[in-house]
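Worth saying up front: this structure is predicted, and the values here are computed from it rather than measured. Proteins come first, then strands; the chains are lettered A, B, ... in the order of their sequence lines, and each starts at number 1.
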There are 2 protein chains.
Amino acid sequence: MTREFSRHKPIYKQIMEHICQDIVRGVYVCGNKLPSVRELAIEVGVNANTIQRVYQELERDEIVVSKRGQGTFITEDEERINVLKEEMKKEIVQRFITDMMKMGFTYDEMLTTIKEEAKNGDSSESSL
Amino acid sequence: MTREFSRHKPIYKQIMEHICQDIVRGVYVCGNKLPSVRELAIEVGVNANTIQRVYQELERDEIVVSKRGQGTFITEDEERINVLKEEMKKEIVQRFITDMMKMGFTYDEMLTTIKEEAKNGDSSESSL
DNA sequence: TTAATTGTACTAGTTTAATAGTACACTAAT
DNA sequence: ATTAGTGTACTATTAAACTAGTACAATTAA
């Protein structure tokens, strides 16, 4: 109900990312129907046009297919989903590494930091 | 000269980040004078008001101190810089971990991926 | 055919980041 | 006192993201 969106990024992109994450994690499977534009708009508390843009962009990326009168569906192309997962992973990893390097950290320090986090805050994994 | 700014983030924040990275890497030392508002504006190719906002926000964060008629300087408080470095590091690491977890990756997979990148693309480190 | 649900298109308005230009205030050097 | 360089303040304008509302098009089921 309350919208937990970062103001620092377009809402439609945040929603796109969220959907892609669900696809990649297997919450949505190939061929699954997504909520309708109006349904999802109400659910996440944004305008229907914003959701339309989300689906439009996802269709341009060949992640979903929209059919008038029927709905919007995850692509049947399983390989496309695998590629998506690799793309998303690469983007996240690259940004992490370049950001850390810009601060002067080495690969070893990056690894050590993540290992530290794994020891302490691994509660976030079991809570999901 | 040509402005290499991401359209996805306010320019003033990108400049803020760049300055903070330089501070944390030791390019700027405590007490150092930063370029004047007008100088930096020309250098990076943006409006002077944008730089003013950069320095204003950095002063609000107690990273720099502005003195009328003299210039803008890195804080003398060395501890503040240490805290800044920890804050920046934590934000980057946390975002990386949560993003990867949202995609369903484990800590082990995160570490493996970074090790892979360290083997291949370690040219970026020597080139700096 | 009719009604309901879906995606799609269009116009108008608000908010924020950034630009552009001007003016003022303070400091240091001459 | 004057000048140059600095930070600061203000107004107006532009562009993009998002909102709001309405209307149209295609599919499905009754």
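- Between the CZ atom of A:Arg60 and the P atom of C:dT8 there is a distance of 14 Å, given to the nearest Å.
- Note: CZ (B:Arg53) to C1' (C:dT19) measures 13 Å, nearest angstrom.
- A close approach under 4.0 Å does not occur between any side-chain nitrogen or oxygen of A:Ser36 and OP1 or OP2 of C:dT5.
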Response to the item:
For nucleotides 24-30 of chain D, 5' to 3', base contacts (B), sugar-phosphate-only contacts (S) and non-contacts (-) with protein non-hydrogen atoms under 4.0 Å give -SBBS--
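- Across the protein-nucleic acid pair, B:Ile51 atom CD1 and C:dA20 atom P stand 13 Å apart, rounded to whole Å.
- Pairs passing the side-chain hydrogen bond (donor to acceptor under 3.5 Å, both in side chains) check and including a residue from residues 81-93 of chain A, sequence neighbours excluded, read A:Glu79-A:Asn82.
- The side chain of A:Pro10 approaches D:dC18 more closely than any other nucleotide in the set D:dT8, D:dC18, C:dT8.
- Side-chain proximity of B:Tyr55 to the nucleotides C:dA20, D:dG7, D:dT19 is greatest for D:dG7.
- B:Gln70 places none of its side-chain heavy atoms less than 4.5 Å from the side chain of B:Lys33.
- Phosphate contact (OP1/OP2 of D:dG7, side-chain N/O of B:Thr72, threshold under 4.0 Å): present.
- As a whole-Å value, the separation of A:Leu58 CG from C:dT8 C1' is 16 Å.
- Checked against D:dC18, D:dT8, D:dA20, the side chain of A:Tyr12 finds its nearest nucleotide in D:dC18.
- Across all strands shown, B:Glu59 has heavy atoms under 4.0 Å from sugar-phosphate atoms exclusively, and none from any base.
- Side-chain contact check for B:His18 versus A:Lys102: every heavy-atom pair is 4.5 Å or farther apart.
- Atom-to-atom, CD of B:Gln52 to P of C:dA20 comes out at 16 Å; the value is rounded to the nearest Å.
- Atom CZ of A:Phe5 and atom P of C:dT16 are 17 Å apart (whole Å).
- Hydrophobic clustering (ILVMFWY, side-chain heavy atoms < 4.5 Å, transitive): B:Ile81 and B:Phe73 are in distinct clusters.
- With rounding to whole Å, A:Ile42 atom CD1 is found 14 Å from D:dT19 atom P.
- Taking CE of B:Met88 as the reference point, atom CE of A:Met103 lies at 4.5 Å (rounded to 0.5 Å).
- Two residues are said to be in side-chain contact when any heavy atoms from C-beta on lie closer than 4.5 Å; A:Val27 and A:Gln21 fail this criterion.
- Look at A:Thr50 and you'll find a side-chain N or O under 4.0 angstrom from OP1 or OP2 of D:dT19.
- The closest side-chain heavy-atom distance from B:Met101 to B:Tyr107 is below 4.5 Å.
- A residue-by-residue look at B:Glu39 and B:Gln56 shows that B:Glu39 has its nearest nucleotide of DNA chain D further toward the 5' end.
- To the nearest angstrom, C1' of C:dT8 lies 14 Å from CG of A:Asn47.
- Residue B:Asn49 has its side chain nearest to D:dC10 when only D:dC10, D:dG7, C:dT8 are considered.
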